[in-house]
Amino acid sequence: MRADRRLALCFLLWLGAGLCHGEWHNDSQSIMGTEVSVSLWHGDAEEAGAAIAAVMEEMHRIDALWNPDRPTSELYRVNAGAARAPVAISSELTTLVEKALYYSELSGGAFDISFASVGRYYDYRAGSVPEADQLAQALPAIDYRLIELDSEGQLLAFGHPAMQLDLGGIAKGYAVERALDILRERRIVHAAVSAGGDTGLLGDRRGRPWMVGIRNPRGADEADVALALPLENLAFSTSGDYERFFISPAGQERVHHIINPSTGKSSQGITSVSVVGPRAFDTDPLSTTVFVLGLEQGLALVDQLPGYDAIIIDSKGVVHYSSGLVE
Ligand code: AMP
Ligand code: MG
């Protein structure tokens, strides 16, 4: 072999070894009341560990900001004061509330972070629901049009004395998106981050797509998968009525954590909604929105959003797809 060819071959072998060198690094922790998992490909174990630690730290930071039950959180401060006077908020919370209001308007109020005005009276562990007078008093406070956001001034005020906000339908998607930004900054190109039902994917699984499963809503556990999708470089969010629920002793009704803002009660008709799209910051609120809108209206909404698709499992177990997945 000529010297220059030998040199070229050596270079290719070196390049190949460099690209292939590495392994998967995984971790999962319980944060934000859910399971946060990170899986990434890296050639350097120390840097991989530092990247995973940075993601977990970001998840803890977001939990500390917006956990409504922590007296030190920004959201707690807002809920405690915004009915009396405008409360100064961070630019980050301004962005989150803007996004939430966008989905409220798009859905005619199916998505509404002020659901918590009534939602705060549910205790799924204890199996308790709001008293009739609590519901009557707090239901008018679920109204996104009474969330007074001054984006320029970064101020938030409530137009109803019983209003409370909760970001449980949107903060995990935001956190996943932030995690992917952190990994991109560290030049990681193959990774999956999930927080409960919200997943963000960077690249593929090295030559193969990631397989993302949709749980059988009435299966014994998450290992019982109804269907799986091959995805790469996309976000994926599932909202299901099996996440937090109890069965009411009276009517055998499933009381769960996704609230229909017009009734203050659990949204019925659908058992699971998965939304695929470019960003978890959108697929997260969208999956909750579609769950509340129901089958027909939910699919119609997704069909009008370019780049987004949905898979819905109804209460009879029938699977429905948005038109982008069947055409
Ligand atoms: P997800 O699992 O993303 O569908 O979000 C469910 C969470 O969203 C619940 O646990 C609540 O914190 C919150 N949520 C429930 N109902 C609504 C609603 N109608 N609009 C906005 N957020 C909601
Ligand atoms: Mg969601």
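Counting starts at 1 for both ligands and their atoms, in listed order.
In this structure, D241 pairs ionically with R218, as a charged nitrogen and a carboxylate oxygen lie closer than 4.0 Å. Under a 4.0 Å N-O distance rule, the pair E92/R61 qualifies as a salt bridge. We find that K99 and D282 are joined by a salt bridge, their nearest charged nitrogen and carboxylate oxygen being less than 4.0 Å apart. Salt bridge present: R145 and D143 bring a charged side-chain N and a carboxylate O closer than 4.0 Å.
S274 and T238 are linked by a side-chain donor-acceptor pair at a separation below 3.5 angstrom, with hydrogens and angles left out of the test.
The local environment of CD in Q137 is sparse, with at most 12 non-hydrogen atoms from other residues, nucleotides or ligands closer than 6.0 Å.
When all heavy atoms of G298 and V290 are compared, the closest pair comes out as CA-CG1, 3.8 Å.
Using the six-membered ring where Trp is involved, H42 and H25 have ring planes that are perpendicular, over 60° apart on the 30 and 60° scheme.
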What does the N/O contact table under 3.5 Å look like for ligand 1?
from: ligand 1; atom 1: 3 (O); to: D284; atom 2: OD1; distance (Å): 2.9
from: ligand 1; atom 1: 3 (O); to: T288; atom 2: OG1; distance (Å): 3.3
from: ligand 1; atom 1: 4 (O); to: S239; atom 2: OG; distance (Å): 2.4
from: ligand 1; atom 1: 4 (O); to: T288; atom 2: OG1; distance (Å): 2.8
from: ligand 1; atom 1: 8 (O); to: G169; atom 2: N; distance (Å): 3.1
from: ligand 1; atom 1: 10 (O); to: R244; atom 2: NH2; distance (Å): 3.1
from: ligand 1; atom 1: 10 (O); to: H257; atom 2: ND1; distance (Å): 3.0
from: ligand 1; atom 1: 12 (O); to: D166; atom 2: OD1; distance (Å): 3.4
from: ligand 1; atom 1: 16 (N); to: I259; atom 2: N; distance (Å): 3.0
from: ligand 1; atom 1: 19 (N); to: A110; atom 2: O; distance (Å): 3.1
from: ligand 1; atom 1: 19 (N); to: I259; atom 2: O; distance (Å): 2.8
from: ligand 1; atom 1: 20 (N); to: D112; atom 2: N; distance (Å): 2.9
from: ligand 1; atom 1: 20 (N); to: D112; atom 2: O; distance (Å): 3.3

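Protein contacts to the Mg ion (ligand 2) involving N, O or S atoms at a distance below 2.8 Å are D284 O, D284 OD1, S287 OG, T288 OG1.
Results of the side chain to side chain contact (heavy atoms under 4.5 Å, CB included) test with V97 over L149, I170, V78 single out L149 as the only residue that passes.
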